[in-house]
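Since the structure comes first, as C-alpha cells, the remarks are kept for the end.
Quick note on labels: first sequence line is chain A, next is B, and so on, each numbered from 1. Predicted model only: the values in this text are computed from it and were never measured. Computed over heavy atoms, backbone and side chain alike; hydrogens, waters and symmetry mates excluded.
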Amino acid sequence: MPEGHTIHRAARKHAELLGGAAVSAESPQGRFTDGAREIDGQVLQRVDAHGKHLLYRFPDDLTLHVHLGLFGRFLTHRGAPPEPRGAIRLRLSGPDGTIDLRGPTACELMDPPEVEALLARLGPDPLRADADPERAWNRISRSTRPIGALVMDQSVLAGVGNVYRAEALLVQGIHPERPGREVTPAEFDALWGTLTRMLQDGVRAGRIITVSAEDAGMPRSRIPRGERTYVYRQSTCRRCGGPVRDWQMDGRRAWACPTCQS
DNA sequence: AAGAATGTTATGTA
DNA sequence: CTACATAACATTCT
C-alpha cells in the first residue's frame with residue numbers, strides 16, 4: 001500500500017488530528033505494550049515523514065518510529081474511538097480523534113542516536129524541502145547497478161516504491177535495466193523532477209494517478225482504476241499502445257515499455 | 001482459496 | 001563492492 005506519498009499524507013493528517021495535545025496510547029493486540037506505556041499521556045509535538053518512515057516526536061527526545069512495510073495501514077476516526085476491530089498494534093487517541101495502526105513492519109521507540117542512524121541511511125526524499133538531489137546523483141552516476149534497482153534503494157532515494165519506479169522511468173524514457181552510470185545528468189534532473197511531481201500529486205490525491213489528463217482523454221479524477229498508470233500492471237503501454245514487458249527485479253515485479261524506454 | 005501485492009532486513013552464495 | 005537468491009514478517013484483496 002504505501003509509497004512516500006502515503007506516509008507524508010499520514011504525517012500531515014496525524015499531526016493535525018493528534019498534535020499539540022496529550023495522547024493516550026494503547027496496544028490492544030499486545031505487540032507494542034511497552035512503547036505504548038511510555039508514550040501514553042505525552043504531548044505529540046510533531047510528526048515527521050522521511051521517505052517511507054514516520055517519526056512521532058514527543059517531549060524528552062522520545063520518538064516513535066513507524067514503518068508500514070508492504071501491508072501496514074492506518075485507520076483514522078474522528079470523534080469517539082470505536083471498538084477495536086482486528087489486529088490493532090497501536091492506537092493513539094486525542095481529544096479530536098483516534099488513529100489505529102495495523103500490520104506495520106516497524107513500530108518502536110527510538111533514542112536520538114537511533115533516529116540519527118535511521119536518517120543517515122536514507123537518501124534524499126523528493127517530498128522534503130531539505131532534499132539534496134546531488135546525493136542521489138552521486139550514487140547513481142557511479143553505479144553499474146540498474147537504475148530500476150537504484151531508484152528503489154532507500155539509501156539512494158527515499159520514498160520511491162514499485163509503482164513510482166515503473167511510472168517515472170517510463171515517462172522519462174529510461175529503461176529500468178540501464179546501468180546507473182549510463183544515465184545522463186539531464187536525464188537524472190528530469191527524473192528527479194518527475195518523481196517529485198508524481199509524489200506530490202500522490203499526496204494531494206491520496207492515491208497514485210500518473211497518467212495525465214491529456215493522455216487519458218478525460219479529467220484525471222475520472223480515470224477508471226486499472227487505467228491510472230502507464231506501465232505499472234499494464235499489458236500495453238498507455239502512452240504508445242505497444243506491448244509492456246514485465247520481469248522480476250530484486251524480487252519485485254518490474255514493468256517497462258521497450259518502445260518508449262531505452 | 002491460493003496467490004499476489006504501493007516493503008525491508010538479514011543471510012548466504014558467487 | 002556487486003549481483004542474485006532465499007526467507008522472514010506483516011494484511012487485504014481477488
Regarding [X], tell me which of base, sugar-phosphate or nothing describes its non-hydrogen contacts under 4.0 Å with the strands shown.
{"X": "A:R253", "value": "sugar-phosphate"}
{"X": "A:H67", "value": "sugar-phosphate"}
{"X": "A:R121", "value": "sugar-phosphate"}
{"X": "A:R165", "value": "nothing"}

**Message:** Assess whether a salt bridge exists between A:E227 and A:R238, defined as any Lys/Arg side-chain N lying under 4.0 Å from an Asp/Glu carboxylate O.
**Reply:** yes
**Message:** Does this structure show an ion pair linking A:R145 with A:E182, if we count only N-O contacts that are shorter than 4.0 Å?
**Reply:** no
**A:A25 versus A:A36, closest heavy-atom pair with distance** = CB-O, 3.5 Å
**Comparing A:R225 and A:L70 on DNA chain C - which has the more 5′ nearest nucleotide** =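 The residue closer to the strand's 5' end, by nearest nucleotide, is A:L70.
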**Item:** Mutual orientation of the aromatic rings belonging to A:W137 and A:F188 [parallel < 30°, tilted 30-60°, perpendicular > 60°]
**Value:**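 It falls in the tilted class, 30° to 60°.
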**Message:** Using 30° and 60° as the class boundaries, would you call the ring planes of A:H53 and A:H67 parallel, tilted or perpendicular?
**Reply:** perpendicular
**Complete:** Listing for DNA chain B: consecutive Watson-Crick or G-U pair runs of at least 3, distance cutoff 3.5 Å, ranges ordered by first number, gives B:2-5 with C:11-14, B:7-14 with C:2-9
**Message:** So A:R128 and A:P126, do their side chains get closer than 4.5 Å, heavy atoms only?
**Reply:**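 Not in contact.
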**Prompt:** Would a 4.5 Å heavy-atom cut-off, applied to side chains only, mark A:C240 and A:C260 as touching?
**Reply:**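 They are in contact (side-chain heavy atoms under 4.5 Å apart), so the answer is yes.
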**Distance in angstrom units between A:Y164 OH and B:dG7 P, rounded** = 11 Å
**Request:** Take A:Y56 and A:H65 through the test ring-ring contact (aromatic ring centres under 6.0 Å, His included) and record every step on the way to the result.
**Result:** CA-CA 7 Å; A:Y56 296 79; A:H65 169 230; 9.8 Å; no
**Request:** Using the P atoms only, state how far C:dC9 lies from B:dA1, rounded to an integer number of Å.
**Result:** 24 Å
**Prompt:** Is the distance between the ring centroids of A:F74 and A:H14 under 6.0 Å?
**Reply:** yes
**Complete:** Per nearest nucleotide of DNA chain B, the residue lying toward the 5' end, A:L118 or A:I208, is A:I208
**Request:** Under 4.0 Å from any heavy atom of chain A: name the first and the last nucleotide of DNA chain C that qualifies, 5' to 3'.
**Result:** C:dT2 to C:dC13
**Request:** Could you identify which residues of residues 139-161 of chain A place a heavy atom less than 4.0 Å from some atom of DNA chain C, listed by residue number, or say none?
**Result:** A:T144, A:R145, A:P146
**Message:** Assess the residue pair A:H175 and A:W255 against the criterion (ring-ring contact (aromatic ring centres under 6.0 Å, His included)); give the C-alpha distance rounded to whole Å, side-chain angles, the decisive distance to 0.1 Å, and a yes or no.
**Reply:** CA-CA 9 Å; A:H175 197 283; A:W255 290 262; over 10 Å; no
**Message:** Under the criterion side-chain hydrogen bond (donor to acceptor under 3.5 Å, both in side chains), I'd like the reasoning laid out for A:R135 against A:N138: C-alpha separation, chi angles, the key distance, then a yes or no.
**Reply:** CA-CA 5 Å; A:R135 286 178 53 222; A:N138 285 339; over 6 Å; no
